[in-house]
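Just so it is clear, the model here is predicted, and its values are computed rather than measured. Labels below follow one simple rule: chain letters A, B, ... track the order of the sequence lines, proteins then strands, and each chain is numbered from 1.
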Protein chains: 2
Amino acid sequence: MKHDFPARTRNRQSYHHGDLKRALMDAAELELAAKGFEGFSLRGVAKRADVSHGAPAHHFTDVSGLLTAIAARGYERFIAAQNRRESQAGDGPRAKLVASGLGYIDFAIENPSLFRLMFSSGRPDKSNLELTQGADAAFEKLVGHIRAITHSDPHTDAPAMTDVFAAWAVAHGLADLLIANGLSRATFLKPMSASERDEFFSEIILRAVPAIRDEP
Amino acid sequence: MKHDFPARTRNRQSYHHGDLKRALMDAAELELAAKGFEGFSLRGVAKRADVSHGAPAHHFTDVSGLLTAIAARGYERFIAAQNRRESQAGDGPRAKLVASGLGYIDFAIENPSLFRLMFSSGRPDKSNLELTQGADAAFEKLVGHIRAITHSDPHTDAPAMTDVFAAWAVAHGLADLLIANGLSRATFLKPMSASERDEFFSEIILRAVPAIRDEP
DNA sequence: CCGTTAAAATAGACAGTGTCTAGATTATCG
DNA sequence: CGATAATCTAGACACTGTCTATTTTAACGG
């Protein structure tokens, strides 16, 4: 016998958790937001879920597996953030594109560590199906906006695909610079209110897809 | 007596290294390039420099100090990469701006981990003087390009500062997406040669600063 | 309902990490 | 030449991720 004292040192009704997988993902998001991307620890996640340090392995294999799951779920919120902005936006396809970009930036500001995990780290397993599905969905959303503006399919029309990447690069660049605090260089001109900031970003996003490409 | 065997187990002439600080920085860049940003280890750097694991602390305090120094030195190469492109470019200020952006991207592709360290990680100490000087120099370089195009000073003229951030965001977004492999979505249309890729990026960068803003 | 089997969760061990500290070695300079 | 400071070493500590044996519980076929 290895353990000569009761194993149940944790305050939980049953030995089995019931829904540990989800609980671990919730705990992992908290850990990520609290400790940041660098200080993230698998054992810290286990502590948050009030579970032994080895428990996560059974559901996620290793830390990369957990982070992959977190990143995949992140795409849902990522798309939700864009939808939120789009529903508040005006009608035209350009307005929708701009709103989508603002949602992109919203998401980065609200979840900087998760954003970095998803877009700027090699940690999630990019061959994971759920992850690639999330990324594909986000990409196709953007593709749809450009199609609505240009009336041509980016998947077969190279100039339209250029528009896709121009818009993506601008939104991504703004978001990444923002959470790296690079924009503090801009606001020293004058501190911006929320609506001023939206206006500032909107103009920059609009430049990515020149009006000349609009189809009536 | 604590050490009962000769302390000099390393194949070096003298106990003192001579130029350990520089040697550690070189080793750290190798380690960063080899193990990537995640797998970077201070002890691994010490091994590369053939020095005890505690030696780096004397020159850099801790791992953050070493990474800060690496990031600061990274700006020199970052600016050099831009200068290389600018010297090959045509005359006009727009051509110089585009070249600078292509250099931005070159740097990211050639040093992806270093790029991430500099722009997308909280690890370097941003209050460090040499680091902020490097970042400022890079920023002022861009400011100069926009000033040459618009003939107005971004530091006092808000529209010109908007141009600065538009150009910065586009270049940064393209670079960051590239090293995250996001561009693989574009090249499935057709694989691009180096010059085609330059053309592709150039067009996108140009959109950031509309021609209407040119001053003769 | 019971016994067997699979799943879920535990705690211990191991190598590796960053940082701290005491000690050993050497350069520097009055 | 001798004192002092700088440099480097090696051991310790707490922490990390992963592996393994073990315990507890759920699920399910008879």
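Rounded to whole angstrom, the span from the CZ atom of B:R48 across to the P atom of C:dT17 amounts to 12 Å. Rounded to a whole Å, the NE2 atom of B:H58 is 16 Å from the P atom of C:dT26. In this entry the distance linking CD of A:E38 with P of C:dG18 reads 13 Å, nearest Å. Rounded to an integer number of Å, the gap from A:D62 CG to D:dC19 C1' is 12 Å. Going from atom CG of B:D50 over to atom C1' of D:dT7 covers 16 Å, rounded to whole Å. Separating the CZ atom of A:F60 from the P atom of D:dG17 is a distance of 14 Å, rounded to the nearest angstrom. Straight-line distance from the CG atom of B:L20 to the P atom of D:dC8: 5 Å, rounded to whole Å. Rounded to whole Å, atom P of D:dA6 lies 12 Å from atom NE2 of B:H59.
Distance from the side chain of B:V63 is smallest to C:dT19 among C:dT19, C:dA9, D:dT9. For B:L42, counting side-chain heavy atoms from C-beta on, the closest listed nucleotide (C:dG18, D:dA10, C:dT10) is C:dG18.
Within 4.0 Å (heavy atoms only), B:A57 reaches no atom of the nucleic acid at all.
Between B:H172 and B:F115, the ring centre distance stays below 6.0 Å. For B:F37 and A:F37, the distance between ring centers is not under 6.0 angstrom.
Side-chain atoms of A:R43 come within donor-acceptor range of the base of D:dG17, with a qualifying N/O pair under 3.5 Å. Put simply, the side chain of B:H53 and the base of C:dG16 share no donor and acceptor less than 3.5 Å apart.
In this pair, B:F139 and B:F165 present their aromatic rings tilted. The plane angle is within the 30 to 60° band.
A:S64 pairs with exactly one of A:L67, A:D62, A:L66 by the side-chain contact (heavy atoms from CB on, under 4.5 Å) rule, that one being A:D62.
In this structure a side-chain-to-backbone donor-acceptor pair under 3.5 Å is present from A:T68 to A:D125.
Within the structure, a side-chain polar atom (N or O) of A:S41 is placed less than 4.0 Å from OP1 or OP2 of D:dG17.
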